[in-house]
Amino acid sequence: MWRDTWLIFKRGMVLSLRNPVWVVITMMQPILYLVLFGPLMEKITQTPGFPPGSSWQILTPALLVQLGLFGSAFVGFGLIAEYRAGVIERMRVTPASRVGLLLGRVLRDAVQLVVQAVLITVLAMLVFGLRAPFWGIVFSLAMVLLLGITMSASSYALALILKSEDAFAPLLNSVLLPVLLLSGIMIPITTGLAPSWLYWISRVNPFTHIVDAERAGFRGDFALNAITTGGVILLVLTVLSVWWGARTFQRESG
Amino acid sequence: MIHARGLRRSFRTRTGTVEAVRGVDLDVEPGELVGFLGPNGAGKTTTLRMLTTLLEPTDGTATVAGCDLRTDPVGVRRQIGYVAQSGGSSPECKVIEEMELQGRFYGLTSEQARARSAELTARMDLAGLDQRLIKTLSGGQRRRLDIALGLVHDPKLVFLDEPTAALDPQSRANLWTHIKAMHREHNTTVFLTTHYLDEADALCDRILVIDNGKIVAQGAPDELKAGLAGDLVTFSVPVTDGARAGEIAARLPEVSEADVDGGTVRFRAPRGDVLLPDLVRAIDAAAIPLTSMSVTRPTLDDVFLTLTGRSLRDAEMGAEAVGEATEDKETADVA
Ligand SMILES: Nc1ncnc2c1ncn2[C@@H]1O[C@H](COP(=O)(O)OP(=O)(O)OP(=O)(O)O)[C@@H](O)[C@H]1O
Ligand SMILES: [Mg+2]
């Protein structure tokens, strides 16, 4: 299985490097936020109710989560295209491990995501003077890696079940936007800022806790409850989504 | 090589259940080149996808290349090559990349995979295209690449789903040569589907005719054709003499299915060519002027017509109308 994972991973990397436009395009969004939205945050973060930390410590980790959510959620489109071209079927009649066919793709996406996340963090540091402790950043990037695995495995599973762009696109949009808004990526949803019903809904959203943990990392706040809730939730999500993806890839029919 | 009993597969769709394959029994011996002939929607691809472990049969059993389909699917996959109807190479990849990757999936080392790929691309007239992106290949080159991909591990048994569909006549003839060579020189058992009668006729040792999910006949092309009433003889006379000429023809020995349409007379006879001189003399003796005549050997289309009451072309037409309703089949499959 690991051999096949590696083979698929390598193939995916070669393809991404041959045509890096997409990697650049998905990075444009967070960069635009940094440049055009970031400066606004400086004043806003003084508002009572905002969580601790400088504006860049609040915004940068949020953008990483956003990149993980959006960048990785759309990888399924590529899989649908491959399915149409018959590539998936061709691979499924070989003795290659079907789980490997999934994992290779997922790891490629996750590695790509982490590279993008590093570039954005470095940019925020050099251009905007973001200050964050080294280990906090390492922790946050590890979270981004897991987030990438989760989103891309789920995206592949869903794509392989739907097998149609027309069904996949509206589904993604209707799920991602509420998840994004409710996780407080732009403006943190705290008791001090949000009405209590909104606050409670946002607490139910697992991604809120992931954003919180990322922010804690960038602040260098390694207090147990700040990072464990998000970390544990993300770990559980990762296991579930990989299991779901693997099961979908293994199923005989389809 | 293949032994299947009672293979069935139905699909649930929004509009109801489609019985794509309804109880197929088939046996293919090592070294055979067998053709699976049938109109659109007959169930050829579905049968192939079951035999190659891509689809689980709703019912029935099969052993393929010595491995049981249900209990040892990985064993089956190791032994067989499969070339899907719509191909399976990625347009964004280079030829060499896909060939190597395919070889490595079958457990070859990179060196072995590269050597094997060089050998196959040469054999399939693809030499020199290694570094080309697959999307830049011509239709015929692409189809040959699909086949090369299916042969990477030198399988004893290869499934080809409509290998020549959508190719121009020249590429088709070229591909036939390759398929024959693969069968003869490399002793590969080949199981291919087609809805071209001439293809089945030209390539296959044995033909299975499938219609509506069931095998309706099987045998060597000549055997199937011999089961018919024979050659079709057609001749023309002036319209006023049509009826009389028809009577004369019907009196000749071993003539059947005589039919007159204006000045055109048609009938069948086991050896049309041998009958022609007698026919000419008899018509001449009755002082009827002959304007033209021809003898056609029975085709597999005739076989299909006799077996199912429809010509293969009509069956296609019917299937197209049904095809509209099953457009959504891919998505509905998961329900
Ligand atoms: N995944 C699916 N979901 C629903 N129906 C399907 C599915 N696959 C095939 N069918 C239906 O099963 C029948 C047989 O299809 P199949 O693809 O096996 O035909 P075929 O003989 O290969 O035809 P063609 O010559 O057009 O390739 C058709 O009616 C088709 O619509
Ligand atoms: Mg088919």
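Values reported hereafter were calculated over all heavy atoms of this structure, with side chains retained and with hydrogens, waters and symmetry mates removed. A note on names: the letters A, B, ... follow the listed sequences, proteins ahead of strands, and every chain is numbered from 1.
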Out of curiosity, Lys10(A) NZ to Leu101(B) CG, how far, rounded to the nearest 0.5 Å?
8.5 Å
Could you tell me the separation between the SG atom of Cys93(B) and the CZ atom of Arg18(A), rounded to the nearest 0.5 Å?
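That separation rounds to 6.5 Å.
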Counting heavy-atom pairs under 4.5 Å with chain A, the top scorer among Pro91(B), Gly75(B), Ser90(B) is Ser90(B)
Quick one: of Gly81(B), Gly150(B), Ser89(B), who has the most non-hydrogen atom pairs under 4.5 Å with chain A?
Ser89(B)
Decide if atom NZ of Lys214(B) counts as having more than 12 heavy atoms of other residues, nucleotides or ligands within a radius under 6.0 Å.
no
Taking every heavy-atom pair that is under 4.5 Å apart, which of Gly86(A), Pro95(A), Ala81(A) has the most such pairs with chain B?
Pro95(A)
Most heavy-atom pairs under 4.5 angstrom with chain B, which of Ala96(A), Gly100(A), Ser97(A)?
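The option with the most such pairs is Ala96(A).
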Report yes if some heavy atom in the side chain of His153(B) is under 4.5 Å from a heavy atom in the side chain of Thr94(A); otherwise report no.
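With C-beta onward as the side chain, the pair stays apart.
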Can you check whether Ile8(A) reaches Phe105(B) side chain to side chain, under 4.5 Å on heavy atoms?
yes
Evaluate the side-chain contact (heavy atoms from CB on, under 4.5 Å) criterion for residues Asp146(B) and Arg90(A): first the C-alpha distance (whole Å), next the side-chain angles of each, then the deciding distance (0.1 Å), finally the verdict.
CA-CA 9 Å; Asp146(B) 288 330; Arg90(A) 180 190 111 219; over 6 Å; no
Would you confirm whether Arg104(B), through its side chain, and Arg3(A), through its main-chain N or O, come within 3.5 Å as a donor-acceptor pair?
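Such a contact is absent between Arg104(B) side chain and Arg3(A) backbone.
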Need one label for Leu133(B): side chain, backbone, both or neither, based on atoms under 4.5 Å from any heavy atom in chain A.
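Only the side chain of Leu133(B) comes within 4.5 Å of chain A.
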For Glu92(B), which atoms come within 4.5 Å of any heavy atom of chain A: side chain, backbone, both, or neither?
both
Side chain, backbone, both or neither of Leu7(A) within contact of chain B (heavy atoms, under 4.5 Å):
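Both parts, backbone and side chain.
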Which of Thr53(B), Leu54(B), Thr52(B) passes side chain to side chain contact (heavy atoms under 4.5 Å, CB included) with Arg92(A)? Answer is Leu54(B)
Inspect the contact between Glu98(B) and Arg11(A) and indicate whether a charged nitrogen and a carboxylate oxygen are less than 4.0 angstrom apart.
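Yes, this pair counts.
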